[in-house]
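See below for the structure under consideration.
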Amino acid sequence: MYKMIVTDLDGTLLNKNKNVSEKSKKYLKELKDKGYIICVDTGRTLGRASYALGGFDYINYIIGNNGTYIYDVSNDKSLYKSSIKTENIKALFIKYLDEYEVFEINSYENILSYRSRTRNIEPYVEKIDNEDEFFDKINEVYNVTISLKNKSMVNVFLEDLKNNYKDIGLFIMEDSFSNKKWITLINQNDNKFNGLCILKDKIGINNNDIIAFGDGLNDVVMIENVGFGVAMKNALDEVKNKANDITLDDNNNDGVVNYLKSILK
């Protein structure tokens, strides 16, 4: 059957309260103890992922920032890091300064947020409204999240990126629990599935031995390319259309572990 279980966090393993239920933690720990490899593949930084997970005892690996880092939980070490050139991000920040609704930088562990999207700032998120202070603190970039005030500027921004910043990759992001879309910047070729490929090759797992769960647009590349991709009941249609199957329960009702219980007997 499967040897590796991969799950997204927000909208997938996490419920609406942004945590993992005790039921899910307990079952995943049982699977881990039986020898299954449990991997989180998320857009979150390591700090925000650890905060949401509430402990690592049921997790083997964390792939974060949309595939730009891999953290080995058991050995407390990084297996892979892929950062964006700081000078390019600083140049983009200054160039379109008046156009940003939000500009957030994911480092390895934390988020540096200019004009934060949320009123209540989580741990591992530093909100800065002064552009000079924000600019000076840009020194480690794995993932950038951008929302523009004027939607007509999106194409201008994307065309500039395509022509002048060829080492930066991008995708449009949307979660199942929000109708907002935003631009995500990472290094070219980095994504959730690429990070998973790097990990599986390091630990000797075949792609066909992997089952993965997701709900949002950044999960599509993983769901459609992994051995067996499962979309959450609450997932976006774009994810469901690429999945091998869909959970019967949503993320608020332990959809991931209920599905696993039904097939791992």
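Position 1 is the first residue of the sequence; numbering continues from there.
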Can you classify the ring geometry of Tyr108 versus Tyr69 as parallel (below 30°), tilted (30 to 60°) or perpendicular (above 60°)?
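Perpendicular, since the angle between the ring planes exceeds 60°.
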
Would you call the rings of Phe93 and Tyr114 parallel, tilted or perpendicular if under 30° counts as parallel and over 60° as perpendicular?
perpendicular

For Tyr142, does the six-membered ring have the charged nitrogen or CZ of Lys81 within the cation-pi criterion, i.e. under 6.0 angstrom from the centroid and within 45° of the normal?
no

Check residues 193-206 and write down every donor-acceptor pair under 3.5 Å in which the side-chain atom is one partner and the other belongs to a residue at least two apart or another chain.
{"unit_1": "Asn194", "atom_1": "ND2", "unit_2": "Asn189", "atom_2": "O", "d": "3.4"}
{"unit_1": "Asn194", "atom_1": "ND2", "unit_2": "Asp190", "atom_2": "OD1", "d": "3.4"}

Can you tell me how far [atom2] of [Y] sits from [atom1] of [X], rounded to the nearest 0.5 angstrom?
X      : Y      : atom1 : atom2 : result
Leu13  : Asp41  : CG    : CG    : 12.5 Å
Asn187 : Ser83  : CG    : OG    : 7.0 Å
Ile5   : Ile59  : CD1   : CD1   : 10.0 Å
Lys29  : Tyr36  : NZ    : OH    : 15.5 Å
Ile105 : Leu112 : CD1   : CG    : 5.5 Å

Report yes or no: do [X] and [Y] form a side-chain donor-acceptor pair below 3.5 Å?
X      : Y      : answer
Asn218 : Asn66  : yes
Thr247 : Asp249 : no
Asn106 : Thr45  : no
Lys233 : Asn251 : no
Asn164 : Asp160 : yes
Glu104 : Thr145 : no

For the backbone of [Y] and the side chain of [X], can you confirm whether one donor and one acceptor N or O come within less than 3.5 Å of each other?
X      : Y      : value
Tyr58  : Ser24  : no
Asp209 : Tyr2   : no
Lys18  : Asn15  : no
Asn19  : Leu14  : no
Asn60  : Ile38  : yes
Asn88  : Ile168 : no
Asn75  : Lys77  : no
Ser50  : Leu46  : yes
Asp254 : Val257 : no
Asp72  : Ser74  : yes

Any non-hydrogen side-chain atom of [X] less than 4.5 Å from a side-chain atom of [Y]?
X      : Y      : result
Lys3   : Ile210 : no
Glu126 : Ile111 : no
Met4   : Cys39  : yes
Tyr80  : Ser82  : yes
Glu101 : Leu148 : no
Val154 : Val156 : no
Ile211 : Ile263 : yes
Tyr61  : Val73  : no

Under the side chain to side chain contact (heavy atoms under 4.5 Å, CB included) criterion, do Val125 and Asn110 qualify, and how do the steps go?
CA-CA 6 Å; Val125 180; Asn110 305 313; over 6 Å; no

Tell me whether [X] at atom [atom1] has more than 12 heavy atoms from other residues, nucleotides or ligands lying less than 6.0 Å away.
X      : atom1 : value
Lys32  : NZ    : yes
Lys26  : NZ    : no
Lys16  : NZ    : no
Phe228 : CZ    : yes
Leu158 : CG    : yes

Please check if the distance between the ring centroids of Phe213 and Tyr259 is under 6.0 Å.
yes

Ring centres under 6.0 angstrom apart (Tyr96, Phe103)
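No, too far apart.
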
Would Asn143 and Thr68 count as a side chain to side chain donor-acceptor pair (under 3.5 Å) if you check the C-alpha gap in whole Å, the side-chain angles of each, and the deciding distance to 0.1 Å?
CA-CA 8 Å; Asn143 182 111; Thr68 62; 5.6 Å; no

After noting the C-alpha distance and the side-chain angles of Leu92 and Leu185, does the key distance pass the side chain to side chain contact (heavy atoms under 4.5 Å, CB included) rule?
CA-CA 11 Å; Leu92 282 171; Leu185 308 182; 4.1 Å; yes

Salt bridge between Asp8 and Lys192, side-chain N to carboxylate O under 4.0 Å?
yes

Do the side chains of Glu87 and Lys90 get close enough for a salt bridge, i.e. N-O under 4.0 angstrom?
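Looking at Lys90 together with Glu87, the answer is no, because their closest N to O distance does not fall below 4.0 Å.
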
Between Leu161 and Tyr100, is there a shared hydrophobic cluster once you connect ILVMFWY residues whose side-chain heavy atoms come closer than 4.5 Å?
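In one cluster with Leu161: Tyr100, yes.
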
Here the salt bridge (Lys or Arg N to Asp or Glu O under 4.0 Å) pairs for residues 46-68, sequence neighbours left out, are Arg48-Glu122

Taking all non-hydrogen atoms of both residues into account, name the closest pair between [X] and [Y] and its distance.
X      : Y      : result
Ile186 : Asn65  : CG2-O, 4.2 Å
Ala49  : Ile62  : CB-CG2, 4.4 Å
Arg44  : Ala52  : NH1-CB, 3.5 Å
Phe134 : Ser113 : CE1-C, 3.7 Å
Ile223 : Ala243 : CG2-CA, 3.6 Å

So Asn225 and Lys242, side chain to side chain donor-acceptor pair (under 3.5 Å) or not? Walk me through it.
CA-CA 9 Å; Asn225 288 298; Lys242 297 294 185 180; over 6 Å; no

Take Met232 and Val256 through the test side chain to side chain contact (heavy atoms under 4.5 Å, CB included) and record every step on the way to the result.
CA-CA 8 Å; Met232 300 299 294; Val256 171; 3.8 Å; yes

Please determine whether side chain to side chain contact (heavy atoms under 4.5 Å, CB included) holds for the pair Val20 and Leu53, giving the CA-CA distance in whole Å, both sets of side-chain angles, and the decisive distance to 0.1 Å.
CA-CA 6 Å; Val20 185; Leu53 289 166; 4.2 Å; yes

